[in-house]
Amino acid sequence: MTEQRKLLSTREAAEYCGFKLSYFRKLMMRRAIPMYKPTGKLCFFKKEDLDAFLTGVRISSLREIDEEASRYLAGRK
């Protein structure tokens, strides 16, 4: 990939995300990942979009859940 090109191919995007190409293509078919399709066949991806997809659903740690529960209970008194 050259420094000037900002879009990734499907294979590059799958590697960037750490997914197998077949799984990445399934995500594409489900339209779970934002993509750019300037032609009828080729798809391209921005790293920013892939990063947003990968970090879109955050799971809280048990410690964070306990702290939130403590704050909630302290506020109810």
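Quick caveat: nothing in here was measured; it's all calculated off a predicted structure.
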| task | Give, for atom SG of Cys43 and atom NZ of Lys37, the distance between the pair rounded to the nearest 0.5 Å. | result | 4.5 Å
| task | Answer yes or no: is there a side-chain heavy-atom contact under 4.5 Å between Leu50 and Ile33? | result | yes
Please tabulate, one pair per line, all N/O donor-acceptor pairs under 3.5 Å involving side-chain atoms of residues 61-71, not counting sequence neighbours.
| residue | atom | partner | partner atom | Å |
| --- | --- | --- | --- | --- |
| Ser61 | OG | Glu64 | N | 3.2 |
| Arg63 | NE | Glu67 | OE2 | 3.2 |
| Glu64 | OE1 | Arg58 | NH1 | 3.2 |
| Glu64 | OE1 | Arg58 | NH2 | 3.4 |
| Glu64 | OE1 | Ser61 | N | 2.9 |
| Glu64 | OE2 | Arg58 | NH2 | 2.9 |
| Glu68 | OE1 | Arg71 | NH2 | 2.7 |
| Ser70 | OG | Asp66 | O | 3.0 |

| Which heavy-atom pair separates Glu12 from Leu7 by the least distance, and what is that distance? | OE1-O, 4.3 Å
| remark: All heavy atoms of Ala32 vs all of Pro34, minimum pair found to be O-CD, 4.1 Å
Do any side-chain atoms of residues 14-21 form donor-acceptor pairs under 3.5 angstrom with protein atoms, and if so which ones, sequence neighbours left out?
| residue | atom | partner | partner atom | Å |
| --- | --- | --- | --- | --- |
| Tyr16 | OH | Asp51 | OD1 | 2.7 |
| Tyr16 | OH | Asp51 | OD2 | 3.2 |

| message | Show, in sequence, the C-alpha distance, side-chain angles and deciding distance for Thr10 and Met28, and conclude whether the side-chain contact (heavy atoms from CB on, under 4.5 Å) test is met. | response | CA-CA 9 Å; Thr10 301; Met28 290 170 59; 3.5 Å; yes
| said: Evaluate Lys6 against Lys46 for side-chain contact (heavy atoms from CB on, under 4.5 Å), listing each step before the verdict. | reply: CA-CA 7 Å; Lys6 303 225 185 239; Lys46 284 187 178 180; over 6 Å; no
| ring-ring contact (aromatic ring centres under 6.0 Å, His included) partners of residues 34-71, not counting sequence neighbours, each pair once | Phe24-Phe45
